[in-house]
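Before any comments, here is the structure.
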Amino acid sequence: MSMRMLVTGGAGFIGSNFIRLALAEGDIGRLVNLDKLTYAGNLKSLADIEEDDRYCFIQGDIADGDLVEKLFAEHGIDTVVHFAAESHVDRSIVGPGEFVRTNVVGTFTLLDAARKAWADGTASTRRCRFLHVSTDEVYGSLGETGYFTEQTPYDPRSPYSASKAGSDHLASAWFHTYGLPVLITNCSNNYGPFQFPEKLIPLIINNARSGKDLPVYGDGKNVRDWLYVDDHCRAILRVLAAGEPGQTYNIGGNSEKQNIEVVTTICDLLDKKLGLLDGRPRRELIRFVKDRAGHDRRYAIDAGKIRRELGWQPRVRFEEGIEMTIDWYLNHQDWLDAVLDGSYQDYYRQMYHGR
Ligand code: NAD
Ligand code: TYD
């Protein structure tokens with residue numbers, strides 16, 4: 001039977017990529033996108049699919065219990081893919097309250113609405129799934145060696161990762177206590193089209209394109225494991241189709257890079273594509289700035305479980321993915337202009353220039 005799916009946060013980066021892929025390749029009868037449209041959500045990211053008869057958009061808050069319960073009932077939801085979150089670590093340091101409200105209270109609200117909706121017998125007649133999308137940051141920070149596995153103890157360090165860890169524990173509790181068919185995925189850093197340009201890769205592309213400073217925190221040697229967003233979305237479809245409720249799946253790109261390597265790669269590719277900037281290489285725009293408070297040193301994922309059990313592995317190598325991403329941003333200035341409104345510019349000035 002086709003899925004009747006509630007996607008939360010579908011106007012954000014990963015959610016919009018997921019909706020596009022799910023409608024193209026998934027067995028979808030109905031897809032309801034519930035998104036509050038915060039600064040990070042933009043319907044321009046979904047302009048090409050909004051006419052699809054199976055799709056509908058609802059602007060609202062995941063922490064609004066009445067609304068969420070109504071959506072379950074009205075649309076006969078049997079599948080939830082929960083992306084909605086406050087997602088930027090730097091913002092969580094400046095204003096953690098919204099992270100607790102959306103990521104913890106919002107996740108609780110959704111879990112409980114699913115429990116109530118599916119307790120009426122739905123789950124005995126239809127295949128129900130609640131997929132909670134989370135991050136590898138819940139595991140804390142690695143040293144030079146080692147990988148996060150599904151058994152790694154939780155050790156979140158930032159308000160963002162602590163709020164995601166809290167939401168993971170709630171999701172797990174709703175499986176153990178109420179038998180809700182919950183699946184949890186913990187994924188490494190994503191990059192690709194439609195990512196809000198406050199995250200490292202789109203920020204550097206956007207600034208380097210136009211000759212602005214490129215802020216690199218600390219010594220630039222922090223390591224992240226980069227995954228092309230389409231690969232993440234394919235993993236989520238795979239977990240929905242074949243994952244076992246109650247299980248956690250780590251998802252990673254097997255592509256560890258120091259931040260400074262990522263930044264110099266983008267500079268060099270832009271020099272090649274656009275020519276030097278006033279005769280100078282873009283690497284000269286790099287500025288080492290004050291480190292992020294509590295900056296996790298290294299993340300790296302062992303994605304062996306999802307490969308062995310569900311047959312998923314990433315398709316896109318970083319070298320290809322970064323070039324596709326740069327090309328996408330160069331060709332979508334209209335999207336960038338639409339998402340970069342005044343409030344973001346104020347935030348950016350305050351964060352990086354102290355004015
Ligand atoms: P994003 O910030 O681009 O998008 C978040 C979306 O959620 C936005 O559309 C926003 O409007 C919406 N939203 C925020 N608060 C809401 C609320 N209270 N009610 C309804 N909608 C709300 O985030 P993203 O990068 O697409 O991340 C999506 C999910 O994936 C998050 O749960 C994040 O923790 C997780 N994740 C992200 C990454 C990454 O590298 N970006 C990696 C691993 C996991
Ligand atoms: P980010 O994209 O914010 O993802 P996360 O903090 O969730 O991993 O940052 C990726 C890495 O890049 C992280 O180590 C912080 C660093 N960084 C910079 O050096 N400069 C920047 O301007 C930003 C936004 C991030």
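Small disclaimer: the values here were computed from a predicted structure and weren't measured. Just so you know, these numbers use all the heavy atoms, side chains as well, and skip hydrogens, waters and symmetry mates.
In this structure, Y299 is not a member of the same hydrophobic cluster as I14, with clusters built from ILVMFWY side-chain heavy atoms closer than 4.5 Å.
Going from atom OH of Y217 over to atom CG of D90 covers 3.5 Å, rounded to the nearest 0.5 Å. Here I306 contributes atom CD1 and T185 contributes atom OG1; the two are 8.0 Å apart, rounded to the nearest 0.5 Å. Atom OG1 of T109 sits about 8.5 Å away from atom CG of D64, to the nearest 0.5 Å. The CD atom of E86 sits 11.0 Å away from atom NZ of K164, with the distance rounded to the nearest 0.5 Å.
Under the 4.5 Å side-chain criterion, counting only non-hydrogen atoms from C-beta, T265 is not in contact with K257. Contact of the L110 side chain with the L6 side chain is registered, since non-hydrogen atoms from C-beta on lie closer than 4.5 Å. Here the side chains of N222 and D296 are not in contact, with every heavy-atom distance at 4.5 Å or above. Two residues are said to be in side-chain contact when any heavy atoms from C-beta on lie closer than 4.5 Å; D213 and N207 fail this criterion. Looking at heavy atoms from C-beta onward, Q195 lies in side-chain contact with Y329 at the 4.5 angstrom threshold. Side-chain atoms of V138 and F148, non-hydrogen and from C-beta on, never get closer than 4.5 Å to each other. Side-chain contact check for L170 versus H132: every heavy-atom pair is 4.5 Å or farther apart. With a 4.5 Å cut-off on side-chain heavy atoms, T248 and S134 do not count as touching.
Hydrophobic clustering, defined by side-chain heavy atoms of Ile, Leu, Val, Met, Phe, Trp and Tyr closer than 4.5 Å, groups F99 together with V89, I93, Y160.
In this structure, E144 places its CD atom where only 12 or fewer heavy-atom neighbours from other residues, nucleotides or ligands lie under 6.0 Å away. Crowding of F72 atom CZ: a count of heavy atoms from other residues, nucleotides or ligands under 6.0 Å exceeding 12. Open room surrounds NZ on K70; 12 or fewer heavy atoms of other groups in view lie less than 6.0 Å from it. More than 12 heavy atoms of other shown residues, nucleotides or ligands fall within 6.0 angstrom of atom CZ in R287.
Nearest heavy atom pair, residue I28 against residue A22, reads CG1-O, 3.4 Å. When all heavy atoms of R282 and A208 are compared, the pair lying nearest together is NE-O, 2.8 Å. In this structure, A338 and K44 approach most closely via the heavy-atom pair CB-CD, 3.3 Å.
For D225, there are no side-chain hydrogen bond (donor to acceptor under 3.5 Å, both in side chains) partners at least two apart in sequence or on another chain. Annotation: salt bridge (Lys or Arg N to Asp or Glu O under 4.0 Å) contacts of D52 (sequence neighbours excluded): R54. Residues meeting the salt bridge (Lys or Arg N to Asp or Glu O under 4.0 Å) test with R101, sequence neighbours left out: D61, E98. The side-chain hydrogen bond (donor to acceptor under 3.5 Å, both in side chains) check on H232 picks up N190, with sequence neighbours excluded. With sequence neighbours excluded, the residues forming a ring-ring contact (aromatic ring centres under 6.0 Å, His included) with W335 are F194, W328, listed by chain and number. Taking the side-chain hydrogen bond (donor to acceptor under 3.5 Å, both in side chains) definition, one finds that E150 meets it with nothing, sequence neighbours left out. With sequence neighbours excluded, no residue satisfies salt bridge (Lys or Arg N to Asp or Glu O under 4.0 Å) with R4. By the side-chain hydrogen bond (donor to acceptor under 3.5 Å, both in side chains) test, S163 is found to be paired with N103, residues two or more places apart in sequence or in another chain being considered.
Sorted by first and then second residue, the salt bridge (Lys or Arg N to Asp or Glu O under 4.0 Å) pairs involving residues 6-30 (not counting sequence neighbours) are R20-D48, E25-R234. Within the structure, salt bridge (Lys or Arg N to Asp or Glu O under 4.0 Å) contacts touching residues 302-316 (residues at least two apart or in different chains) do not occur. Listed by first and then second residue, the ring pair (Phe, Tyr, Trp, His ring centres under 6.0 Å) pairs involving residues 248-274 amount to none (not counting sequence neighbours).
Of the listed residues (D136, N254, I251, T135), just one forms a side-chain contact (heavy atoms from CB on, under 4.5 Å) with S188, and that residue is D136.
Side chain to side chain, N250 and Y139 meet the donor-acceptor criterion of an N or O pair below 3.5 Å. At a cut-off of 3.5 Å, with distance as the only test, a side-chain donor of D168 or Y154 sits close to an acceptor on the other residue. Side-chain atoms of R224 and Y191 include no donor-acceptor pair closer than 3.5 Å. At a cut-off of 3.5 Å, with distance as the only test, a side-chain donor of D112 or W174 sits close to an acceptor on the other residue.
Ring to ring, F196 and Y39 are close: their centroids are under 6.0 angstrom apart.
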